[in-house]
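Letters A, B, ... mirror the listed sequences (proteins, then strands); counts begin at 1.
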Amino acid sequence: MFRTALLRSARHAVRAAPRYQSTIARPAARSSPFQSKHIAPAARFQAVRCYSAHAGLTRDEVEGRIMDLLKNFDKVTDLSKVNVESHFNNDLGLDSLDTVEVVMAIEEEFSLEIPDKQADAIHSVKQAVDYILAQPDAH
Amino acid sequence: MSSKTTVLRLYRRSLKLSLDWAVHRYLWRGQAMYIRSLFEANKHITEPRMKRDLIRETEDLLEKWKHPDPYRPPTAPGGSKYERNLPAPILDPPPKMTL
């Protein structure tokens with residue numbers, strides 16, 4: 001029974017092989033008995049690796065993540081004031097050192113490094129969102 | 001550069017430096033609060049000479065505790081992903097010249 005299964009998978013492999021490029025089809029690997037049991041017939045020749053490019057961040061996503069971050073910040077007391085337009089100092093009542101902490105948290109959230117000069121210029125949610133959207137390597 | 005900006009940058013640098021040294025986040029949290037209290041303690045100083053001394057003292061401290069292998073974000077210069085997957089150079093042949 002084991003041998004028939006192996007033969008069958010080998011036959012499938014031979015039949016299916018010419019349909020694909022030789023660089024991506026690997027009949028030898030697929031005919032091994034450990035793999036042929038688990039692989040559904042449709043997925044038999046998916047030896048192509050799918051690499052995906054970074055799709056970029058949408059504005060809604062960036063805004064949502066920054067606002068979640070601000071809502072979890074313990075010095076923001078009035079959660080109803082956290083919106084897209086809110087200013088860290090005027091609306092949320094954060095002082096300048098808190099603003100530094102928020103900018104650091106934003107850096108960690110999007111895993112990038114904001115240079116000092118640009119970090120000094122971020123005082124509101126909108127400025128932060130604009131900066132993040134301008135960065136190609138924000139995650 | 002005003003001294004406020006300088007102090008903010010120093011605060012940022014000291015937070016990052018302590019994050020470099022801290023092994024865990026919960027340890028860093030206490031250090032961050034301590035750093036914050038140090039900065040808060042000198043909040044009301046307005047005399048320029050004292051401010052300058054404090055700034056210099058902080059810079060000396062930061063220099064003394066400089067980390068030999070600081071954390072770099074992957075895509076920043078010196079990071080592990082810096083200049084990886086660059087766009088390909090222009091491979092097209094040059095346009096034909098009619099002389």
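For chain A, the nearby parts of B:K16 are the backbone and the side chain; heavy atoms of each come within less than 4.5 Å. At a 4.5 Å heavy-atom cutoff, the contact between A:D116 and chain B is made by backbone and side-chain atoms alike.
Residue A:I132 is grouped with residue A:M67 when hydrophobic side chains (ILVMFWY) are merged at heavy-atom distances under 4.5 angstrom, including chains of intermediate members.
Other residues, nucleotides and ligands place no more than 12 heavy atoms under 6.0 Å from the OH atom of B:Y34. The local environment of CH2 in B:W65 is sparse, with at most 12 non-hydrogen atoms from other residues, nucleotides or ligands closer than 6.0 Å. Other residues, nucleotides and ligands contribute at most 12 non-hydrogen atoms within 6.0 Å of the NZ atom of B:K4.
Here the OH atom belonging to B:Y11 is positioned 10.5 Å from the OG1 atom belonging to A:T99, to the nearest 0.5 angstrom. Rounding to the nearest 0.5 Å places CD of A:E107 at 4.5 Å from CZ of B:R12.
Residues A:S96 and B:L8 are in side-chain contact: their nearest non-hydrogen atoms beyond the backbone lie under 4.5 Å apart. Between B:K43 and A:L97 the shortest side-chain heavy-atom distance does not fall below 4.5 Å.
Under the 4.0 Å criterion applied to side-chain N and carboxylate O atoms, B:R29 and A:D74 are assigned as salt-bridge partners.
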Exercise. Give the C-alpha distance, both sets of side-chain angles, the deciding distance and a yes or no for side chain to side chain contact (heavy atoms under 4.5 Å, CB included) between B:E40 and A:D95.
Key: CA-CA 11 Å; B:E40 291 272 353; A:D95 63 9; 4.0 Å; yes
Quiz item: Can B:L19 and A:E108 be said to form a side chain to side chain contact (heavy atoms under 4.5 Å, CB included), step by step?
Solution: CA-CA 12 Å; B:L19 194 54; A:E108 280 162 22; 3.4 Å; yes
Practice problem: For B:R36 and A:V100, run side chain to side chain contact (heavy atoms under 4.5 Å, CB included): C-alpha distance rounded to whole Å, both residues' side-chain angles, the deciding distance at 0.1 Å, then the answer. | Solution: CA-CA 11 Å; B:R36 173 90 194 212; A:V100 172; over 6 Å; no
